[in-house]
Enquirer: 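Okay, here's the structure, questions in a sec.
Worth knowing before you read on, the calculation uses all heavy atoms, side chains too, and leaves out hydrogens, waters and symmetry mates.
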Amino acid sequence: MRTRTLLTLAGTVVALTLPLAGPASAADGAVLTTGSVGGTAVAAGEVLTAPLASGTAATFYSSATGTSGISCTSSQFTATVTDNPSAPGTATESVSAHTFNAASCTTNVVGVLGVTSITVNNLPYSSAVGSDGSVTVTPAAGSTIQTTVVLRTLLGSINCVYQAPSLAGTASNADNTINFAAAQFTKVSGSSLCFANGYFTAKYAPVTSSGEAVYVN
C-alpha cells in the first residue's frame, strides 16, 4: 500500500487552521497566532500542518450516523497562510495537500477486500478561518472538491469518485484542533459497491506552524 493524497476524504480536505473553543478577544492581534491566544501572528507564507488527533480515525461512511465504510488512522493535511488580518476577522489559506496512508485504512463494505488509495483531486483548495472558529474549504472557481477512492474487490479494483461543492468544519483552541463532522460527498461515478453518499468525519490536532501550536483569535 502507498501513501496517497486524500481528501477531504474530501479531505481533504481539507483546510488547515486552528480551532477555536469560542471567540477569543485579541484587540489588535491577528486571527491566527502561535504560542497562545493573542500570541505571535502567523505570517503570510507560513505552512500549517496537522495529523489526525492521537487515538482517532478519519472515517468515510455511507451515512451520517452509520458505521459502514472506510476508516483510516494515519492522515495529515498541509496549508499555506495567504492572509492573516487583525482579529476579529477571517484568515485565508491555500490547502495544498491532504494525505492518508492507505495501509492504515480498513473497510467493512460488503464485497470490498481493502483500500488501495484515497486521492484528493483538484488541489489546491482555499480555506477561510473565522475568529468565531468557523472553517470553510472551497475549490477554485469552476472546479469542485473531489476525492477518488480506489478499492480492492474479488473482481479487481474499482474507482469511486465523490464530489462536494464545499466543506465546513470548526476549530477549537481547547486542544488546537480542526474538526469535520459528517461532511457530505456525493458519488459522481463508480460501481454499485461505491456507496451513493460519503460522509467524512475527522479530528486533526495539533495544528502547528514551525512546530508551535496555532490559535484562532
Enquirer: Working to the nearest 0.5 angstrom, can you tell me the gap between Thr136 OG1 and Leu167 CG?
Expert: 9.5 Å
Enquirer: Do Thr148 and Ile118 have side-chain heavy atoms sitting under 4.5 Å apart?
Expert: no
Enquirer: Any side-chain heavy atom of Thr147 sitting closer than 4.5 Å to one from Val161?
Expert: no
Enquirer: Is there a chain of hydrophobic side chains (I, L, V, M, F, W, Y, each step under 4.5 Å between heavy atoms) that links Val188 to Tyr199?
Expert: no
Enquirer: Locate the shortest heavy-atom distance separating Ala50 from Ala205; write the atom from each residue and the value.
Expert: CB-N, 4.4 Å
Enquirer: Do Asn84 side-chain atoms and Val31 backbone N/O form a donor-acceptor pair below 3.5 Å?
Expert: yes
Enquirer: Could you state the interatomic distance from CZ (Phe200) to CD1 (Ile70), rounded to the nearest 0.5 Å?
Expert: 11.0 Å
Enquirer: Before you tell me yes or no, could you show the steps for Phe60 and Phe100 under side chain to side chain contact (heavy atoms under 4.5 Å, CB included), namely the whole-Å CA-CA distance, both residues' side-chain angles and the distance that decides it to 0.1 Å?
Expert: CA-CA 12 Å; Phe60 197 56; Phe100 266 51; over 6 Å; no
Enquirer: At what distance, to the nearest 0.5 angstrom, does OG of Ser209 lie from CD of Glu46?
Expert: 4.0 Å
Enquirer: What's the separation between atom CG in Leu48 and atom OG1 in Thr78, rounded to the nearest 0.5 Å?
Expert: 9.0 Å
Enquirer: Tell me whether Thr56 contacts the main-chain N or O of Ala53 through its side chain, where contact means a donor paired with an acceptor under 3.5 Å.
Expert: yes
Enquirer: Are the side chains of Asn197 and Gln184 in touch, meaning some heavy atoms are under 4.5 Å apart?
Expert: yes
Enquirer: Just by distance, no angles: are the side chains of Asn217 and Thr33 close enough, under 3.5 Å, to form a donor-acceptor pair?
Expert: yes
Enquirer: Verify whether one side chain among Thr138 and Ser166 offers a donor that lies under 3.5 Å from an acceptor in the other.
Expert: no
Enquirer: Run the numbers on Asp83 and Thr92 for side chain to side chain donor-acceptor pair (under 3.5 Å), then give the verdict.
Expert: CA-CA 5 Å; Asp83 188 32; Thr92 56; 4.7 Å; no
Enquirer: Measuring from atom OG1 of Thr144 to atom OH of Tyr162, what distance do you get when rounded to the nearest 0.5 angstrom?
Expert: 14.5 Å
Enquirer: Which heavy-atom pair separates Ile145 from Val137 by the least distance, and what is that distance?
Expert: CD1-O, 3.5 Å
Enquirer: Do Val95 and Leu52 belong together in a cluster built from hydrophobic side chains that touch within less than 4.5 Å?
Expert: yes
Enquirer: For a quick test of reading the model, state the closest non-hydrogen atom pair linking Pro165 to Pro139 and the distance between them.
Expert: O-CD, 3.2 Å
Enquirer: Judged by atom type as modelled, is there a donor-acceptor pair below 3.5 Å linking the side chain of Ser62 to the main-chain atoms of Phe195?
Expert: no
Enquirer: Evaluate the side chain to side chain contact (heavy atoms under 4.5 Å, CB included) criterion for residues Ile178 and Thr170: first the C-alpha distance (whole Å), next the side-chain angles of each, then the deciding distance (0.1 Å), finally the verdict.
Expert: CA-CA 6 Å; Ile178 183 168; Thr170 58; over 6 Å; no
Enquirer: What pairs with Ala196 under side chain to side chain contact (heavy atoms under 4.5 Å, CB included), at least two apart in sequence or on another chain?
Expert: none
Enquirer: Working to the nearest 0.5 Å, report the span between OH of Tyr215 and CG of Asn176.
Expert: 4.5 Å
Enquirer: Is the shortest heavy-atom distance from the side chain of Cys160 to the side chain of Leu151 under 4.5 Å?
Expert: yes
Enquirer: Enumerate, atom names and distances included, each donor-acceptor pair closer than 3.5 Å involving a side-chain atom of residues 105-114, sequence neighbours excluded.
Expert:
unit_1	atom_1	unit_2	atom_2	d
Thr107	OG1	Gly69	O	3.0
Thr107	OG1	Val109	N	3.2
Asn108	OD1	Gly69	N	2.8
Asn108	ND2	Thr67	O	2.9

Enquirer: Take Val129 and Ser134 through the side chain to side chain contact (heavy atoms under 4.5 Å, CB included) test and state the conclusion after the steps.
Expert: CA-CA 6 Å; Val129 182; Ser134 61; over 6 Å; no
Enquirer: For Lys203, enumerate each residue passing the salt bridge (Lys or Arg N to Asp or Glu O under 4.0 Å) test, keeping only those at least two apart in sequence or located in another chain.
Expert: Asp175
Enquirer: Where is the tightest heavy-atom contact between Pro124 and Ser94, given as atom of each residue plus distance?
Expert: CB-OG, 3.5 Å
Enquirer: Do Tyr125 and Ser96 have a side chain donor and acceptor closer than 3.5 Å?
Expert: no
Enquirer: So which atom in Ser131 and which in Ala87 form the shortest heavy-atom distance, rounded to 0.1 Å?
Expert: OG-CB, 4.0 Å
Enquirer: Ignoring hydrogens and geometry, is there a side-chain-to-backbone donor-acceptor pair from Thr59 to Tyr61 under 3.5 Å?
Expert: no
Enquirer: Is it true that a side-chain atom of Asn173 and a backbone atom of Val216 form a donor plus acceptor pair closer than 3.5 Å?
Expert: yes
Enquirer: Kindly determine whether Thr208 and Thr49 satisfy side chain to side chain contact (heavy atoms under 4.5 Å, CB included), including the steps that lead there.
Expert: CA-CA 6 Å; Thr208 62; Thr49 60; 3.5 Å; yes
Enquirer: Give me the atom names and distance for the closest heavy-atom approach of Ser191 to Ile158.
Expert: OG-CD1, 3.5 Å
